[in-house]
Amino acid sequence: MNDPSVPSVPADRGAPPAVRILVTGGAGFIGSHYVRTLLTGGFPGCADVEVVVLDALTYAGTREALAPVAGDPRLRFVRGDVRVAADLDAAVPGCDAVVNFAAESHVDRSLRAAADFVTSNVLGAQQVFEAALRHGVRRVVQVSTDEVYGSIDEGSWTEDSPLEPNSPYAASKAAADLLARAYARTHGLDVSVTRGSNTYGPYHFPEKVIPLFLTRLLDGEPVPVYGDGRHVRDWLHVDDHCRGIQAVLEKGRPGEAYNLAGDCALSNLELTATLLAATGADASLVRHVPDPRGGAHDRRYSVDDTRARALGWRPRVPFDEGLAATVDWFRENRAWWEPLRARVESPSL
């Protein structure tokens, strides 16, 4: 006779299925850091995660960015384009969540080739949302940028501030943000948006200002400062950015956006001086050049991240420590970035 004081033990049904996350654009800068962090225990509670990476491997995406986790049996790589439904259908089935990093992201390129940004960033996001609905994905995060707000002279944007983008890149990301809201409201898609500040760290393609300057200064080459150099940006380490995305994935509300700030506002002149000191380079290497962006080069960015902090997130990497580690990484990983420099379009100096 069974003793009612002893709880019954259910039959062994095997281990619970792992959570499977699709990371689009997972061979890019922030996306690859997110994948590496997922698979190396960087996010609590994700030990059983499986990761599918979908990436078209355009000029800024590299398989080498995934090399540290390439042998992990929990990782599956699919080469494909988020604009192509069939490519998404090869990656989405069986996934519990999608984090959409896939995007064209360089403002200067968007001035010359806006169509690429519209198709990748707007159509691509829409196709991701459709595929999520088609395959019953439970959760989606759309990774965006603080540039969707435009420029702010003082104070900080909240997520309720109007979207006033000033470049084709920022406009394409704003459009994707609005599509995310629409899919949440109209289709009930559980999708949230993150809007991160300027991000830096390892594996950063050397066309953006910090890796561009680092790779040039490490080779004793001049660096371009646009205009008067007084444009102000907030700097967020890639690890903090990815932790914020994970917090939104786990706790964010459908249809809502979440700002992610780094608490480190620097003018481009201040940033350049810091990079000169970090590399031991001389100020004679600085060249002031005309700003090709004109009015599209926003004067100041600043976001209020109160909503993300309410989820338990905050930036943890001090800029001086994060930058020192980034400089060391670029010093030690020439084999990664030197072949990429041929793909970089930068001002003639």
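All residue numbers in this chain count up from 1 along the given sequence.
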For P339, all residues meeting side chain to side chain contact (heavy atoms under 4.5 Å, CB included), sequence neighbours excluded: none

Is a donor from one side chain sitting under 3.5 angstrom from an acceptor on the other, for [X] and [Y]?
X	Y	answer
S192	R139	yes
Y301	E147	yes
T62	W336	yes
D298	S151	no
S105	K173	no
T158	D160	no

Which atom of [X] lies closest to which atom of [Y], heavy atoms considered:
X	Y	answer
W313	A247	CB-CB, 4.1 Å
D55	G26	OD2-N, 3.4 Å
R230	R299	CB-NH2, 3.6 Å
L111	P168	CD2-CD, 3.8 Å
A171	P165	N-CB, 3.4 Å
A91	C95	O-SG, 3.5 Å

Could you give all pairs that pass the ring-ring contact (aromatic ring centres under 6.0 Å, His included) test and reach [range], with sequence neighbours left out?
range	result
residues 260-282	none
residues 37-62	Y34-F43, Y59-F205
residues 118-138	F129-Y183

What distance do [X] atom [atom1] and [Y] atom [atom2] have between them, rounded to the nearest 0.5 Å?
X	Y	atom1	atom2	answer
L189	R185	CG	CZ	13.0 Å
Q142	L179	CD	CG	8.5 Å
D240	I245	CG	CD1	11.0 Å
H33	F101	NE2	CZ	10.0 Å
R181	T186	CZ	OG1	9.5 Å
L88	D81	CG	CG	8.5 Å

Are [X] and [Y] ion-paired here, with the side-chain N under 4.0 Å from a carboxylate O?
X	Y	value
R316	D263	no
R36	D239	no
R134	D89	yes

Is there a side-chain contact between [X] and [Y] (heavy atoms, below 4.5 Å)?
X	Y	value
R109	Y169	no
V53	V35	yes
V84	Q127	no
P290	Y226	no
I21	V99	yes
H241	L260	yes
L217	V223	yes
L66	S32	yes

Report the residues that fulfil side chain to side chain donor-acceptor pair (under 3.5 Å) with [X], sequence neighbours left out, ordered by chain and then residue number.
X	value
Y149	R195, N259
T306	D304
W329	none
S197	D234

Counting only N and O atoms by type, is there a donor-acceptor contact under 3.5 Å from the side chain of [X] to the main-chain atoms of [Y]?
X	Y	value
W337	F330	yes
H204	P211	no
R216	P222	yes

D305, D146, T199, N198 screened by side chain to side chain contact (heavy atoms under 4.5 Å, CB included) with L236, the one that passes: T199

Among V51, L39, L38, side chain to side chain contact (heavy atoms under 4.5 Å, CB included) partner for R74: L39

Partners meeting salt bridge (Lys or Arg N to Asp or Glu O under 4.0 Å) with R138 (sequence neighbours left out): D96

Partners meeting salt bridge (Lys or Arg N to Asp or Glu O under 4.0 Å) with D219 (sequence neighbours left out): R334, R341

Hey, can you pull the donor-acceptor pairs under 3.5 Å for the side chains in residues 249-258, sequence neighbours left out?
from: E250; atom 1: OE2; to: Q246; atom 2: NE2; distance (Å): 2.8
from: K251; atom 1: NZ; to: L311; atom 2: O; distance (Å): 2.9
from: E256; atom 1: OE1; to: Y258; atom 2: OH; distance (Å): 3.1
from: Y258; atom 1: OH; to: R253; atom 2: N; distance (Å): 2.8

Under 4.5 Å between side-chain heavy atoms, hopping through other hydrophobics if needed: is there a path connecting [X] to [Y]?
X	Y	result
I30	L54	no
F117	V122	no
I210	V232	no
V191	L178	no

Given S172, S144, S110, the one that forms side chain to side chain donor-acceptor pair (under 3.5 Å) with N121: S172

Mutual orientation of the aromatic rings belonging to Y200 and H237 [parallel < 30°, tilted 30-60°, perpendicular > 60°]: perpendicular

Residues in ring pair (Phe, Tyr, Trp, His ring centres under 6.0 Å) contact with F77, at least two apart in sequence or another chain: none

